[in-house]
Amino acid sequence: MAAPVEKKVTAASVAAYLASTGVLAILAAVQNDARLVGWMPDALAPFVLALVPTAITFVSGWAARHTARGPAGA
């Protein structure tokens, strides 16, 4: 059975996707040739390419050992 995904892993994955999409969109907008990947439509490329760092973030966060916390306020 697979381990559950912690909220912090989900939050980090969403942040990685949003940051990567933003950076790739800015790079595509400021360069003379907006083609990030030749075979992919220009408008779609930042969204698809941002899945790579998102997947890496998710898998590494999910696979990492986490330390159990004690009771709240202890």
Side-chain angles (χ1 to χ4, degrees):
M1 182 174 167
V5 179
E6 294 186 24
K7 289 181 183 178
K8 63 184 172 184
V9 173
T10 303
S13 298
V14 169
Y17 180 77
L18 293 175
S20 299
T21 301
V23 168
L24 289 168
I26 290 169
L27 287 175
V30 298
Q31 68 183 15
N32 291 335
D33 182 15
R35 307 285 306 183
L36 293 173
V37 179
W39 54 269
M40 194 178 302
D42 293 341
L44 186 62
F47 298 102
V48 174
L49 293 175
L51 292 174
V52 174
T54 302
I56 293 169
T57 302
F58 178 81
V59 170
S60 61
W62 180 80
R65 279 182 61 120
H66 297 286
T67 305
R69 296 183 181 177

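No experiment lies behind these values; they were computed from the predicted model shown.
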If two hydrophobic side chains count as joined below 4.5 Å and joins carry through other members, does [X] share a cluster with [Y]?
{"X": "Val9", "Y": "Val59", "result": "yes"}
{"X": "Trp39", "Y": "Leu51", "result": "no"}
{"X": "Leu18", "Y": "Leu24", "result": "no"}

Legend entry - Pro53 versus Ala50, closest heavy-atom pair with distance: CD-O, 3.4 Å
Inset, instruction - Specify the closest pair of heavy atoms between Ala25 and Pro46, including all atoms of both residues, with the distance to one decimal. - result: N-CB, 3.9 Å
Legend entry - Side chain Ser60, main chain Thr57, donor-acceptor under 3.5 Å: yes
Inset, instruction - Taking the side chain as every heavy atom from C-beta outward, state whether Val5 and Phe58 have any pair of such atoms under 4.5 Å apart. - result: yes
